[in-house]
Amino acid sequence: MGIASLFIILFTIIPLLWIFSLSVKSTEAQLDPSLNVFGNFFPKPSEMTFKNYELILTGGASELFVPALINSLVVCLLATVIAVVLAMFCAYAIARLDFPGKKIILVTALAVSFFPVISLVTPLFNVWSKIGLFDTRIGLIIPYLSLTLPLAIWTLSAFFQQIPWEMEQAAQVDGATSWQAFRKVIVPLASPGVFTTAIITFFTAWNDFVFAISLTSDKARTVPAALAFFTGASQFEQPFGAISAAAVIVTIPVVILVLLFQQRIVSGLTSGAVKG
Amino acid sequence: MSTVATAPSTTRQPKPGLTDRAKGERALGWKLAGPAFVVMLLVTAYPIFQAIWNSLFSFRLTDPASRKFVFLGNYVTIVTDPLFWLAVGNTLFITVVTVVVELVIGMALAMLMNKVIWPRKTLRTVVLVPYSIITVVSAFAWFYGVQISTGFLNHWLEALTFGAWDVNFNWFGHWWSSMLVICMSEIWKTTPFMSLLLLSGLAQIDGAMEEAAKVDGATFWQRMFKVVLPNMKAAIMVAVLFRTLDAFRIFDNVFIMTQGAQNTTTFSLLAYDQTINRVEIGMGSAISVLLFLSVLLIAAIFVRGFKVDLTGGRN
C-alpha cells in the first residue's frame with residue numbers, strides 16, 4: 001500500500017517539479033542536457049537562475065504578463081462574487097422555502113454546467129464584436145457566469161441543506177429577533193460553505209481558456225490565454241522559461257489555497273454528490 | 001472543468017392547501033431564486049438560440065454583405081466533410097480512453113485513500129493538487145516534458161530501456177504518440193476529481209457487508225464485484241457521466257500541444273477554428289450546435305440508459 005501511494009505521489013508531483021525546473025533553468029541549461037541532472041530534468045545548482053521570474057515580473061515580458069494577471073484576478077473575482085451572491089439567495093430559497101420549481105432550477109443548473117463552452121463562444125464572438133464587448137473585462141465576466149453560477153448553486157444548495165434551520169426558530173423562541181437569529185445562528189453555520197463555494201468557483205473561472213482566447217485579443221486577455229499566445233523575441237526561440245515562470249506564479253496561490261482548505265474543498269466537491 | 005455537487009434532497013411535508021403564508025413563501029422563493037435562474041438562462045439559452053439561427057446562414061464576419069440564408073446547407077457541408085468525422089473520431093477516442101483509464105486508476109486511488117493508514121493525509125492532499133492546476137499549465141508541462149529539445153521523458157525512457165529508446169523520438173510527429181500525450185495529460189489532470197467522487201461513494205458502503213462477505217470466504221475480486229461495485233453503482237455512474245461530458249469537450253490540451261497537427265483535431269477545436277480563425281460564423285455555429293446536440297445525447301443516454309438520477313429524490 002505504501003509503495004502504491006508513493007508511486008501515485010511521484011506521478012502527481014513530477015509534472016509540477018518539471019515546470020518549476022524549467023522556470024529556473026539558465027539559458028545555457030535550456031539548450032544543453034549535460035548541464036542538467038536526472039536526465040535533463042533539473043538544472044545543476046550552478047545553472048539555477050531566477051531570471052525568468054524577473055523577465056515576466058519586471059523585465060521585458062512584464063508588459064504582457066502583469067496586465068494579464070490583473071485581468072485574471074479582476075475578472076475571476078468579480079465572476080465569483082456575482083455568482084456566489086446570486087447563488088446564495090437561490091440556494092437559501094431552495095433549502096429553506098417551499099415553492100414549486102426547485103427541481104427546475106437545479107436541473108437547469110446541471111444542464112448549463114454540461115454545456116460545451118465552445119458552443120457559447122461562436123454566438124458570443126459574433127454579438128460581442130457587434131456591440132463592443134469583445135476584448136473587454138465585462139465581455140468575459142458575463143460568459144464566466146455560465147461556468148460559475150451552476151457550480152455555485154449546486155454546491156451551496158448541498159451545503160445549505162445540511163444546516164439545521166430549526167435552530168433559527170429556537171433562537172427566536174429564546175427571544176432573539178428574526179434578524180438576530182439569522183445573523184447569530186445561520187450566518188456562522190453557512191459561511192464555511194459559502195467560502196468553500198467561492199474557492200471552487202474561483203478555480204473554475206481561473207482555469208478557463210476557451211472564453212479567454214476567443215473573446216479577447218490583448219486588452220482583456222487573462223493569464224491562461226496570455227500563456228498560450230506568448231511568443232519569444234524571435235520565432236526561433238521558444239520562451240518556455242518565461243512561460244514556465246508565469247505558470248508557476250499562477251499555480252502557487254491556487255495550490256496553497258487547496259492545501260489550506262483541502263478537507264473542505266473535498267467535501268464541497270463531493271457534498272451529497274453521490275448518495276446511493 | 002465542470003464540477004457539480006449533487007442534488008440536495010428536498011424532503012418537505014406536502015403542503016396542506018395554500019395558506020397566505022405558503023403563498024408568501026412561494027413568492028419569496030422565486031424572488032430569491034429567480035435572479036440566478038434568469039441569469040443562467042440568459043448566459044446560455046440566448047447564445048444557443050443565436051447559434052442555431054446563425055448556423056442557417058452562410059456568413060463570414062469579414063464579409064457581412066454576402067450573408068445568405070442556406071437553411072441546413074452548413075450542416076450538409078459539415079457531415080460530408082472527412083475532417084469533421086476525423087474530429088469526432090478523435091474526440092470519441094480521447095473520451096473513451098481517458099474515462100476508462102481514469103475509472104480504473106480513480107477506483108484504485110479511492111480504495112487506497114479509503115484504506116491506507118500511513119500517508120493518508122499526504123495522499124489526499126497530493127491527489128488534489130492536479131485538480132487545482134490550470135489545464136493550460138498542465139498542458140505546457142506535458143508538452144515541454146516530452147518535446148525533444150526541452151524534454152526529459154526521452155532521456156528517462158532511454159535510461160530505462162538501456163539505450164534502446166531513441167532520445168530524439170518526436171512525440172508530436174505521429175498521431176498515436178500525440179494522442180498518447182494528450183490523453184496522459186488529461187488523465188493526470190482529472191483523475192483526482194474522478195477518485196474523489198468514487199471515494200465518497202465508497203465511504204457510504206456499509207463496512208459490515210464487506211466484512212460478512214470476507215468471513216464467508218469471498219475472495220478480493222468476489223467482494224469487489226459482488227459487494228463493493230454494485231453498492232456504489234450510482235456513484236460510478238455520476239462520476240463517469242461528469243467525466244465523459246468533460247472529456248468530450250476537450251480543448252485546452254489539444255490547443256496547446258498540437259493545434260490539431262498530425263490529425264489530432266477535436267470537435268471543440270474544429271468549432272474554434274471555424275469561428276475564430278476563419279470567422280465563418282455560420283459554419284462555426286453549425287459545428288457548435290452539433291457539439292451541443294452530441295453532449296445532450298450523451299447526457300440523455302446516461303440518464304435514461306443507466307438510470308442515473310441526478311436531482312435528488314434518491315432517498
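Order of the sequence lines sets the chain letters (A, B, ...), proteins ahead of strands, with each chain counted from 1.
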Please work out whether the ring planes of B/Trp156 and A/Phe41 are parallel, tilted or perpendicular, with thresholds of 30° and 60°.
tilted
Approximate separation, where rounding is to 0.5 Å, of [X] [atom1] and [Y] [atom2]:
X: A/Thr197; Y: A/Leu151; atom1: OG1; atom2: CG; value: 8.0 Å
X: B/Asn54; Y: B/Ser285; atom1: CG; atom2: OG; value: 4.5 Å
X: A/Leu69; Y: A/Arg221; atom1: CG; atom2: CZ; value: 15.5 Å
X: B/Leu197; Y: B/Leu202; atom1: CG; atom2: CG; value: 11.5 Å
X: A/Leu149; Y: B/Leu42; atom1: CG; atom2: CG; value: 11.0 Å
X: A/Lys130; Y: A/Leu133; atom1: NZ; atom2: CG; value: 13.0 Å

With a 4.5 angstrom heavy-atom cut-off, which part of [X] approaches chain B: side chain, backbone, both or neither?
X: A/Ile19; answer: side chain
X: A/Ile14; answer: side chain
X: A/Pro15; answer: both
X: A/Phe229; answer: side chain
X: A/Leu124; answer: side chain
X: A/Trp206; answer: both
X: A/Ser129; answer: side chain
X: A/Leu227; answer: both
X: A/Val223; answer: neither
X: A/Ile243; answer: side chain
X: A/Phe203; answer: side chain
X: A/Phe11; answer: both
X: A/Thr251; answer: side chain
X: A/Ile213; answer: both

Tell me if the centroids of the rings in [X] and [Y] come within less than 6.0 Å of each other.
X: A/Phe125; Y: A/Phe134; result: yes
X: A/Phe38; Y: B/Phe152; result: no
X: B/Phe267; Y: B/Phe251; result: no
X: B/Tyr131; Y: B/Trp188; result: no

Where on [X] is there a heavy atom nearer than 4.5 Å to chain A: the side chain, the backbone, both, or neither?
X: B/Phe248; value: neither
X: B/Phe37; value: side chain
X: B/Met40; value: both
X: B/Ile133; value: both
X: B/Ala159; value: neither
X: B/Phe49; value: neither
X: B/Asp252; value: both
X: B/Trp30; value: both
X: B/Leu196; value: both
X: B/Met283; value: neither
X: B/Leu41; value: side chain
X: B/Tyr272; value: both

Between [options], which shows the greatest number of heavy-atom pairs under 4.5 Å with chain B?
options: A/Ser119, A/Ser21, A/Ser244, A/Ala83; value: A/Ser119
options: A/Leu120, A/Thr122, A/Leu86; value: A/Thr122
options: A/Pro116, A/Ser146, A/Ala247; value: A/Pro116
options: A/Val121, A/Ile153, A/Leu16; value: A/Leu16
options: A/Pro123, A/Ala246, A/Ala225; value: A/Pro123

Matching residue for A/Phe240 among B/Tyr144, B/Phe140, B/Phe143 - test: ring pair (Phe, Tyr, Trp, His ring centres under 6.0 Å)
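Among the candidates, only B/Tyr144 passes.
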Could you please spell out the steps behind the side chain to side chain contact (heavy atoms under 4.5 Å, CB included) verdict for B/Gln147 and B/Thr150?
CA-CA 6 Å; B/Gln147 243 193 355; B/Thr150 55; 3.2 Å; yes
As an exercise: rank B/Ile205, B/Ile48, B/Val279, B/Ile105 by heavy-atom pairs under 4.5 Å with chain A and give me the winner.
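Of the candidates given, the most pairs with chain A belong to B/Ile48.
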Looking only at heavy atoms and a cut-off of under 4.5 Å, which of B/Gly145, B/Gly34, B/Ala45 has the most pairs with chain A?
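Sorted descending by pairs with chain A, the first entry is B/Gly145.
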Counting only N and O atoms by type, is there a donor-acceptor contact under 3.5 Å from the side chain of [X] to the main-chain atoms of [Y]?
X: A/Ser214; Y: A/Phe211; answer: no
X: A/Trp128; Y: A/Gly139; answer: yes
X: A/Lys25; Y: A/Pro43; answer: no

Between A/Asp135 and A/Thr216, does any side-chain donor sit less than 3.5 Å from a side-chain acceptor?
no
Establish, from distance only, whether the side-chain atoms of A/Arg264 and A/Thr196 form a donor-acceptor pair under 3.5 Å.
yes
Does A/Trp154 form a ring-ring contact (aromatic ring centres under 6.0 Å, His included) with A/Phe159? I'd like the steps, not just the answer.
CA-CA 9 Å; A/Trp154 273 79; A/Phe159 273 121; over 10 Å; no
